[in-house]
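Here's the structure we're looking at; comments come further down.
Just so we're clear, the structure is a prediction, and the values are computed from it rather than from any experiment. Residues take their numbers from the sequence shown, with the count starting at 1.
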Amino acid sequence: MAQIEASILSADFARLGEQAQEAESAAVDAIQIDVMDGRFVPDITFGPGVVRALRRLVRVPLDVHLMIVSPERHLSAFAEAGADRLIVHQEACLHLHRVLQSIRELGIEAGVSINPGTSLTVLEEVLELVDLVQIMTVNPGWGGQPFLSGQLDKIRRLRELLDKRGLGLPIAVDGGIDQATAPLVVSAGASVLVAGSSIYNDRATVAQNVTALRASAG
(Lines give C-alpha, C1' and ligand atoms only; values in the text may rest on other atoms or scores of the structure.)
Protein backbone atom coordinates (compact mmCIF):
# COMPACT_ATOMS: atom_id res chain seq x y z
CA MET A 1 0.00 0.00 0.00
CA ALA A 2 1.31 3.44 -0.91
CA GLN A 3 2.28 5.79 1.88
CA ILE A 4 0.68 9.22 2.13
CA GLU A 5 2.64 12.31 3.14
CA ALA A 6 0.77 15.54 3.83
CA SER A 7 2.54 18.60 2.47
CA ILE A 8 1.89 21.52 4.80
CA LEU A 9 2.70 23.95 2.00
CA SER A 10 -1.04 23.93 1.29
CA ALA A 11 -2.11 24.12 4.94
CA ASP A 12 -3.53 27.19 6.65
CA PHE A 13 -0.37 28.85 7.96
CA ALA A 14 -2.36 30.58 10.70
CA ARG A 15 -3.25 27.10 12.04
CA LEU A 16 -0.12 25.21 11.05
CA GLY A 17 0.26 23.18 14.22
CA GLU A 18 -3.41 22.29 14.29
CA GLN A 19 -3.38 21.27 10.63
CA ALA A 20 -0.32 19.06 11.18
CA GLN A 21 -2.15 17.37 14.04
CA GLU A 22 -5.20 16.87 11.83
CA ALA A 23 -3.03 15.09 9.29
CA GLU A 24 -1.53 12.90 12.00
CA SER A 25 -5.01 12.05 13.29
CA ALA A 26 -5.98 11.13 9.74
CA ALA A 27 -3.18 8.50 9.83
CA VAL A 28 -0.85 10.00 7.24
CA ASP A 29 2.50 8.23 7.14
CA ALA A 30 4.54 11.43 7.34
CA ILE A 31 4.36 15.20 7.03
CA GLN A 32 6.46 16.89 4.38
CA ILE A 33 7.79 20.36 5.12
CA ASP A 34 8.74 22.28 1.98
CA VAL A 35 11.63 24.64 2.71
CA MET A 36 12.04 27.33 0.04
CA ASP A 37 14.63 30.10 -0.03
CA GLY A 38 13.48 32.46 -2.78
CA ARG A 39 16.53 31.51 -4.85
CA PHE A 40 16.30 27.88 -5.92
CA VAL A 41 12.55 28.45 -6.19
CA PRO A 42 10.70 31.79 -6.23
CA ASP A 43 8.81 31.47 -2.95
CA ILE A 44 10.07 31.67 0.65
CA THR A 45 8.55 29.40 3.29
CA PHE A 46 9.81 27.61 6.41
CA GLY A 47 12.98 27.30 8.46
CA PRO A 48 14.27 25.05 11.26
CA GLY A 49 12.07 26.87 13.78
CA VAL A 50 8.92 25.56 12.12
CA VAL A 51 10.32 22.02 12.11
CA ARG A 52 11.16 22.34 15.82
CA ALA A 53 7.68 23.64 16.65
CA LEU A 54 5.92 20.85 14.74
CA ARG A 55 8.20 18.22 16.25
CA ARG A 56 6.75 19.12 19.67
CA LEU A 57 3.21 18.67 18.39
CA VAL A 58 3.26 15.48 16.32
CA ARG A 59 4.94 12.09 16.45
CA VAL A 60 4.55 11.25 12.78
CA PRO A 61 7.85 11.43 10.82
CA LEU A 62 8.83 14.85 9.48
CA ASP A 63 10.17 14.75 5.93
CA VAL A 64 11.98 18.02 5.20
CA HIS A 65 12.22 18.86 1.49
CA LEU A 66 15.04 21.37 1.02
CA MET A 67 14.34 23.44 -2.08
CA ILE A 68 17.29 25.70 -1.36
CA VAL A 69 20.72 26.47 -2.76
CA SER A 70 23.74 25.19 -0.81
CA PRO A 71 21.65 22.86 1.37
CA GLU A 72 24.81 21.54 3.02
CA ARG A 73 24.96 24.76 5.07
CA HIS A 74 21.69 23.93 6.83
CA LEU A 75 21.65 20.15 7.28
CA SER A 76 22.65 20.17 10.95
CA ALA A 77 20.10 22.85 11.85
CA PHE A 78 17.20 20.89 10.39
CA ALA A 79 18.41 17.60 11.83
CA GLU A 80 18.71 19.14 15.29
CA ALA A 81 15.24 20.66 14.91
CA GLY A 82 13.75 17.19 14.56
CA ALA A 83 13.73 16.20 10.89
CA ASP A 84 13.54 12.46 10.32
CA ARG A 85 14.64 12.72 6.69
CA LEU A 86 16.21 15.46 4.61
CA ILE A 87 15.51 15.53 0.88
CA VAL A 88 17.90 17.62 -1.22
CA HIS A 89 17.69 18.52 -4.88
CA GLN A 90 20.34 17.21 -7.22
CA GLU A 91 20.13 20.50 -9.09
CA ALA A 92 21.03 22.48 -5.96
CA CYS A 93 24.04 20.40 -4.87
CA LEU A 94 27.48 21.06 -6.29
CA HIS A 95 28.75 17.89 -4.60
CA LEU A 96 25.68 15.68 -4.25
CA HIS A 97 27.58 12.60 -3.06
CA ARG A 98 29.16 14.56 -0.20
CA VAL A 99 25.85 16.15 0.82
CA LEU A 100 24.13 12.76 1.03
CA GLN A 101 27.03 11.39 3.09
CA SER A 102 26.69 14.35 5.46
CA ILE A 103 22.99 13.67 5.97
CA ARG A 104 23.68 10.02 6.76
CA GLU A 105 26.36 11.06 9.26
CA LEU A 106 23.73 13.08 11.12
CA GLY A 107 21.89 9.84 11.84
CA ILE A 108 18.80 10.54 9.74
CA GLU A 109 17.54 9.36 6.37
CA ALA A 110 18.73 10.93 3.13
CA GLY A 111 16.55 11.59 0.13
CA VAL A 112 17.24 13.09 -3.28
CA SER A 113 14.75 14.86 -5.54
CA ILE A 114 14.92 15.77 -9.22
CA ASN A 115 12.91 18.29 -11.21
CA PRO A 116 10.81 17.46 -14.28
CA GLY A 117 13.53 18.57 -16.68
CA THR A 118 16.31 16.55 -15.02
CA SER A 119 17.41 13.18 -16.36
CA LEU A 120 17.59 10.09 -14.17
CA THR A 121 21.19 9.59 -15.21
CA VAL A 122 22.34 12.18 -12.64
CA LEU A 123 21.32 9.78 -9.86
CA GLU A 124 23.04 6.61 -10.99
CA GLU A 125 26.21 7.19 -8.93
CA VAL A 126 24.47 8.02 -5.63
CA LEU A 127 21.60 5.54 -5.37
CA GLU A 128 23.40 3.46 -2.75
CA LEU A 129 23.55 6.53 -0.49
CA VAL A 130 19.86 7.38 -0.44
CA ASP A 131 16.83 6.07 1.42
CA LEU A 132 14.29 7.58 -1.00
CA VAL A 133 14.17 9.11 -4.48
CA GLN A 134 11.58 11.80 -5.07
CA ILE A 135 10.32 12.64 -8.54
CA MET A 136 8.84 16.10 -8.97
CA THR A 137 5.70 15.96 -11.09
CA VAL A 138 5.42 19.76 -11.10
CA ASN A 139 8.08 22.41 -11.35
CA PRO A 140 8.85 23.25 -7.70
CA GLY A 141 7.86 26.56 -6.21
CA TRP A 142 4.13 26.59 -5.50
CA GLY A 143 1.41 24.25 -4.33
CA GLY A 144 -1.68 23.44 -6.34
CA GLN A 145 -0.01 23.09 -9.74
CA PRO A 146 -1.36 20.61 -12.33
CA PHE A 147 0.27 17.21 -12.59
CA LEU A 148 2.81 16.76 -15.41
CA SER A 149 1.77 13.44 -16.93
CA GLY A 150 5.00 13.18 -18.92
CA GLN A 151 6.77 12.27 -15.67
CA LEU A 152 4.99 8.91 -15.46
CA ASP A 153 7.50 7.37 -17.82
CA LYS A 154 10.34 8.69 -15.66
CA ILE A 155 8.81 6.95 -12.64
CA ARG A 156 8.59 3.69 -14.59
CA ARG A 157 12.19 3.96 -15.76
CA LEU A 158 13.39 4.72 -12.24
CA ARG A 159 11.56 1.69 -10.87
CA GLU A 160 13.18 -0.47 -13.55
CA LEU A 161 16.62 0.96 -12.73
CA LEU A 162 16.21 0.35 -9.00
CA ASP A 163 14.94 -3.19 -9.54
CA LYS A 164 17.78 -3.97 -11.93
CA ARG A 165 20.29 -2.90 -9.28
CA GLY A 166 18.52 -4.79 -6.53
CA LEU A 167 17.59 -1.64 -4.64
CA GLY A 168 14.23 -1.66 -2.90
CA LEU A 169 14.20 2.11 -2.48
CA PRO A 170 10.82 3.83 -2.25
CA ILE A 171 9.95 6.28 -5.00
CA ALA A 172 8.14 9.38 -3.81
CA VAL A 173 6.11 11.58 -6.13
CA ASP A 174 5.49 15.23 -5.33
CA GLY A 175 3.20 17.55 -7.25
CA GLY A 176 -0.39 17.42 -8.44
CA ILE A 177 -1.24 14.27 -6.49
CA ASP A 178 -4.97 13.76 -6.04
CA GLN A 179 -7.55 11.02 -6.43
CA ALA A 180 -7.14 11.03 -10.22
CA THR A 181 -3.35 10.98 -10.40
CA ALA A 182 -2.58 8.78 -7.36
CA PRO A 183 -3.44 5.48 -9.08
CA LEU A 184 -1.40 6.50 -12.13
CA VAL A 185 1.81 7.09 -10.19
CA VAL A 186 1.33 3.98 -8.05
CA SER A 187 0.86 1.91 -11.20
CA ALA A 188 4.08 3.43 -12.57
CA GLY A 189 6.03 2.36 -9.48
CA ALA A 190 5.70 5.07 -6.85
CA SER A 191 5.11 4.06 -3.24
CA VAL A 192 5.11 7.44 -1.44
CA LEU A 193 2.56 10.08 -2.42
CA VAL A 194 3.16 13.67 -1.33
CA ALA A 195 -0.11 15.59 -1.41
CA GLY A 196 -0.88 19.15 -0.43
CA SER A 197 -3.92 20.85 -1.95
CA SER A 198 -5.81 17.55 -2.25
CA ILE A 199 -5.52 17.13 1.53
CA TYR A 200 -5.80 20.73 2.70
CA ASN A 201 -8.82 22.35 1.05
CA ASP A 202 -12.32 23.58 1.82
CA ARG A 203 -14.07 20.75 -0.04
CA ALA A 204 -13.80 18.25 2.80
CA THR A 205 -12.00 17.65 6.08
CA VAL A 206 -8.37 16.59 6.20
CA ALA A 207 -9.44 13.14 7.42
CA GLN A 208 -11.96 12.72 4.60
CA ASN A 209 -9.42 13.80 1.99
CA VAL A 210 -6.72 11.47 3.29
CA THR A 211 -9.15 8.55 3.33
CA ALA A 212 -10.27 9.27 -0.24
CA LEU A 213 -6.70 9.66 -1.47
CA ARG A 214 -5.60 6.41 0.14
CA ALA A 215 -8.56 4.56 -1.35
CA SER A 216 -7.83 5.93 -4.83
CA ALA A 217 -4.19 4.80 -4.57
CA GLY A 218 -5.33 1.27 -3.94
Quick check: closest heavy atoms across [X] and [Y], and the distance to 0.1 Å?
X	Y	result
Met136	Asn115	CG-OD1, 3.9 Å
Arg159	Ala188	CB-O, 4.1 Å
Val173	Ala190	CG2-CB, 3.4 Å
Arg214	Val28	NH2-CA, 4.0 Å
Gln145	Asn139	NE2-O, 2.6 Å
Gln179	Ala212	NE2-CB, 3.5 Å

Distance, nearest 0.5 Å, that separates [atom1] of [X] from [atom2] of [Y]:
X	Y	atom1	atom2	result
Leu96	Gln101	CG	CD	10.0 Å
Ser191	Gln3	OG	CD	7.0 Å
Thr45	Met36	OG1	CE	5.5 Å
Glu22	Asp12	CD	CG	9.5 Å
Asp43	Leu9	CG	CG	7.0 Å
Ile103	Ile108	CD1	CD1	6.5 Å

Report whether [X] and [Y] are members of the same hydrophobic cluster (ILVMFWY, side-chain heavy atoms less than 4.5 Å apart, transitive linking).
X	Y	value
Ile68	Ile8	yes
Ile171	Val194	no
Val138	Leu152	no

- Is atom CZ of Arg15 surrounded by more than 12 heavy atoms (other residues, nucleotides or ligands) closer than 6.0 Å? yes
- Message: Quick check on Glu125: does its CD atom have over 12 non-hydrogen neighbours (other residues, nucleotides or ligands) under 6.0 Å away?
- Response: no
- Message: Side chains of Asn209 and Asn201 only: does a donor on one sit below 3.5 Å from an acceptor on the other?
- Response: yes
- Query: Going by side-chain heavy atoms closer than 4.5 Å, which hydrophobic residues are tied to Leu132, directly or by a chain of links?
  - Reply: Ile87, Val192
- Message: Parallel, tilted or perpendicular, judged at 30° and 60°: which one describes the rings of His89 and Phe40?
- Response: tilted
Please check: side-chain N/O of [X] versus main-chain N/O of [Y], any donor-acceptor pairing under 3.5 Å?
X	Y	result
Tyr200	Gln19	yes
Glu24	Arg59	yes
Ser187	Pro183	no
Thr137	Gly175	yes
Ser216	Leu213	yes
Arg104	Leu129	yes
Gln151	Leu148	no
Lys154	Thr118	yes
Thr181	Asp178	yes
Asp131	Glu109	no

What side-chain donor-acceptor pairs closer than 3.5 Å can you find for residues 71-84, not counting sequence neighbours?
from: Asp84; atom 1: OD2; to: Arg55; atom 2: NH1; distance (Å): 2.8
from: Asp84; atom 1: OD2; to: Leu62; atom 2: N; distance (Å): 2.8

Compare all side-chain heavy atoms of [X] with those of [Y] and state whether any distance is below 4.5 angstrom.
X	Y	answer
Leu54	Phe46	no
Asp34	Ser7	yes
Glu128	Arg165	yes
Ile199	Glu5	no
Ile44	Asp37	no
Leu169	Val130	yes
Val60	Asp29	no
Ile114	Glu91	yes

- Check step by step if side chain to side chain contact (heavy atoms under 4.5 Å, CB included) holds for Gln90 and Ser113. CA-CA 6 Å; Gln90 180 276 334; Ser113 183; over 6 Å; no
- Chi angles and distances behind the side chain to side chain contact (heavy atoms under 4.5 Å, CB included) call for Val185, Ile177: CA-CA 9 Å; Val185 298; Ile177 299 300; 4.2 Å; yes
- Message: Assess the residue pair His65 and Asp174 against the criterion (side chain to side chain contact (heavy atoms under 4.5 Å, CB included)); give the C-alpha distance rounded to whole Å, side-chain angles, the decisive distance to 0.1 Å, and a yes or no.
- Response: CA-CA 10 Å; His65 180 193; Asp174 182 6; 3.5 Å; yes
